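Below is one structure, written out as structure tokens, with a few remarks after it.
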Amino acid sequence: MQMKRRVGWLSGSSLIISTMIGSGIFISPQQVLKYSGSFAISVIIWACAGVLATFGAMSYSEVGTMIPKSGGEFPILLEAFGGFPAFLFAWTSCVVLKPSALAIQSLTFAKYALAPFFGVSCPAPDLVLKLTALCAIFLIIYVNCTSVKLSTGFLNVFSVGKIISLIIIIVGGMTMIARGNTSSFDNPWASDFTPGPKEIVFAFYQGLWAFDGWNQLNYIVEELKNPEKNLPRSIAMSMAVVTFLYILTNISYLSVMTPEEMINSNAVGFTFGERVLGSMNWIISVFVSWSVLGSSLGSCFTAGRISFVAAREEQFPQILSMLNVEHLTPAPAVLLNGVLATLMVIPNDFDTLVGYFSFSMWIFHFGTCSALLYFRYERPDAHRPIKVPILIPIIVCLAALCLVVLPLVDAPQIEYLYAALFIFSGTIFYIPLIKYKYHLSCFDSAYIFLQKLLRIAPSQE
């Protein structure tokens with residue numbers, strides 16, 4: 001059995017848009033403005049962050065069509081640098097990065113979904129918040145296990161809703177500007193300080209967080225119809241739409257807030273809703289929760305493909321490479337992501353530690369774009385349906401290097417060491433189980449039971 005190519009260019013664009021437009025655009029604008037120091041520089045940073053994310057997506061499209069396998073960075077790192085770096089990526093992504101992202105997104109969804117019922121001054125009880133988050137996770141897992149077509153259908157709907165939510169803010173902002181609310185733009189370069197390289201990089205980091213998800217289509221290359229055409233087409237459309245919307249959204253925020261008010265706002269979306277929509281500000285809560293749920297669905301949709309492909313390459317337990325015989329979905333891989341995310345919802349405060357793992361993702365972005373440069377040198381005549389200018393991956397590599405190194409140099413903290421130790425703790429499993437292929441026969445009966453329970457069978461490329 002193998003997965004079918006059911007994702008077209010529109011659904012591919014929807015996947016990228018649904019994953020990118022989440023809580024970031026409602027939270028990170030004040031941080032970008034804070035570090036950039038002025039409105040003009042913040043807009044430039046948002047535009048440049050969109051360009052850098054686009055460059056990253058373009059670089060991924062070259063290696064993604066050269067090595068047309070699902071799993072995102074995993075098959076690329078495996079092909080270029082061997083099993084160990086690829087395993088560390090799969091280990092870090094499947095055990096921490098993807099499940100924690102789903103857990104945080106589900107908790108964010110619960111927070112905004114419950115806000116109209118409890119209000120801002122009286123937040124929802126912790127138990128209610130977590131139960132709502134768990135319900136969201138269970139729904140997302142069910143949809144992803146049931147049907148690829150159903151998942152992409154939901155993603156299309158969520159993408160439209162996300163765009164509508166930003167259009168509401170943009171229309172409201174443009175209306176306020178038309179009424180003369182332009183005081184924040186009278187001196188766009190005004191600033192209390194001159195940002196240095198450190199501040200500019202931190203502002204980029206916050207902006208790029210809102211663009212996170214630009215690489216999602218590489219996780220499902222094997223399910224994409226005509227990837228040689230649809231991969232770059234989906235990337236171009238989604239990146240242009242999101243960058244344009246993000247810039248206009250930031251301008252709209254400042255049509256009702258001064259830069260100081262925006263920086264001090266706990267949630268600029270709520271502040272905007274209160275000042276423009278008045279008693280109808282619950283609309284913002286509804287659409288933010290809608291956006292975050294769509295991001296969760298898209299993130300879960302791609303996360304399962306990492307462990308699926310890693311298992312198929314004999315780097316993870318083989319049961320994770322099996323497909324449901326009825327729906328042809330990687331149910332065990334999706335369920336693994338859901339189970340780990342469920343466990344991460346239970347603690348009261350885990351996202352602080354998870355934040356220190358975010359820099360590791362840029363290590364893998366650096367590795368993937370370095371693989372592109374390696375293939376250009378080592379395999380100059382290889383078939384490349386898409387070939388980007390060599391300067392593009394070089395820019396991404398340099399940017400990734402800055403985003404990883406600068407926080408360590410500027411503000412070294414012990415948590416970064418913990419994160420590095422966790423990443424390399426995968427060695428404990430890699431050496432005996434992968435390198436020397438030690439077989440744990442004690443799990444055989446459990447695998448047979450799960451295979452019958454989940455109605456799954458081995459897959460093939």
Side-chain angles (χ1 to χ4, degrees), residues 19-57 97 100-101 104-105 108 166 169 184 188 191-215 239 242-254 257 259-272 288 291-292 295 351-363 365 396 398-411 413 415-416 419:
T19 308
M20 278 198 294
I21 303 179
S23 58
I25 189 57
F26 301 102
I27 296 174
S28 62
Q30 62 263 48
Q31 297 299 322
V32 175
L33 185 59
K34 174 184 175 182
Y35 287 115
S36 60
S38 69
F39 163 71
I41 295 178
S42 71
V43 171
I44 292 172
I45 286 175
W46 277 105
C48 291
V51 171
L52 181 59
T54 303
F55 281 0
L97 294 180
S100 63
I104 292 172
Q105 287 169 340
T108 305
L166 294 186
I169 294 175
S184 295
S191 175
D192 294 333
F193 70 97
T194 301
K198 179 187 70 175
E199 288 78 16
I200 294 297
V201 170
F202 284 162
F204 260 105
Y205 192 84
Q206 294 292 333
L208 288 167
W209 178 55
F211 282 98
D212 186 43
W214 50 263
N215 60 332
M239 296 306 302
V242 172
T243 303
F244 179 70
L245 289 175
Y246 277 6
I247 292 174
L248 290 183
T249 300
N250 277 273
I251 294 173
S252 298
Y253 285 149
L254 286 169
M257 288 175 271
E260 292 76 16
E261 289 174 333
M262 185 170 169
I263 290 172
N264 293 324
S265 173
N266 291 326
V268 288
F270 281 126
T271 304
F272 181 90
V288 171
S291 296
V292 176
S295 295
D351 53 358
T352 301
L353 180 60
V354 170
Y356 292 104
F357 284 90
S358 60
F359 84 99
S360 65
M361 199 63 236
W362 279 97
I363 295 176
H365 290 330
V396 178
L398 293 175
L401 209 55
C402 288
L403 289 168
V404 170
V405 172
L406 192 65
L408 300 177
V409 173
D410 182 71
Q413 298 185 45
E415 286 82 356
Y416 290 117

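Computed from a predicted model, the values in this text were never measured in an experiment. In what follows, every heavy atom counts, from backbone to side chain, and hydrogens, waters and symmetry copies are set aside.
Looking at heavy atoms from C-beta onward, Ile41 lies in side-chain contact with Ile200 at the 4.5 angstrom threshold. Looking at heavy atoms from C-beta onward, Pro29 lies out of side-chain contact with Leu33 at the 4.5 angstrom threshold.
Between the CG atom of Leu403 and the CG atom of Leu208 there is a distance of 6.0 Å, given to the nearest 0.5 Å. Taken from CD1 in Ile45 to OG in Ser38, the straight-line distance is 8.0 Å, to the nearest 0.5 Å. Atom CG of residue Leu245 and atom CD1 of residue Ile25 lie 9.0 Å apart, to the nearest 0.5 angstrom. Rounding to the nearest 0.5 Å gives a distance of 10.5 Å between CE of Met20 and CH2 of Trp214. Rounded to the nearest 0.5 angstrom, Ile169 CD1 and Asn250 CG are separated by 10.0 Å. To the nearest 0.5 angstrom, Glu260 atom CD is 13.5 Å from Lys34 atom NZ.
Between Trp46 and Phe211, the ring planes lie tilted relative to each other; the angle falls in the 30° to 60° range.
Tyr35 contributes no side-chain N or O that, together with a main-chain N or O of Gln206, makes up a donor-acceptor pair within less than 3.5 Å. Checking side-chain atoms of Thr243 against main-chain N and O of Ala47 turns up no donor-acceptor pair under 3.5 Å.
Of all heavy-atom pairs spanning Ser36 and Ser42, the tightest one is OG-CB, 3.3 Å. For the residue pair Ala49 and Phe204, the shortest heavy atom distance occurs at N-CE2, 3.7 Å. The shortest non-hydrogen separation linking Thr54 to Met239 is OG1-CB, 3.4 Å.
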Exercise. Dump the intermediate steps for side-chain contact (heavy atoms from CB on, under 4.5 Å) on Asn215 and His365, then the final yes or no.
Key: CA-CA 9 Å; Asn215 60 332; His365 290 330; 3.6 Å; yes

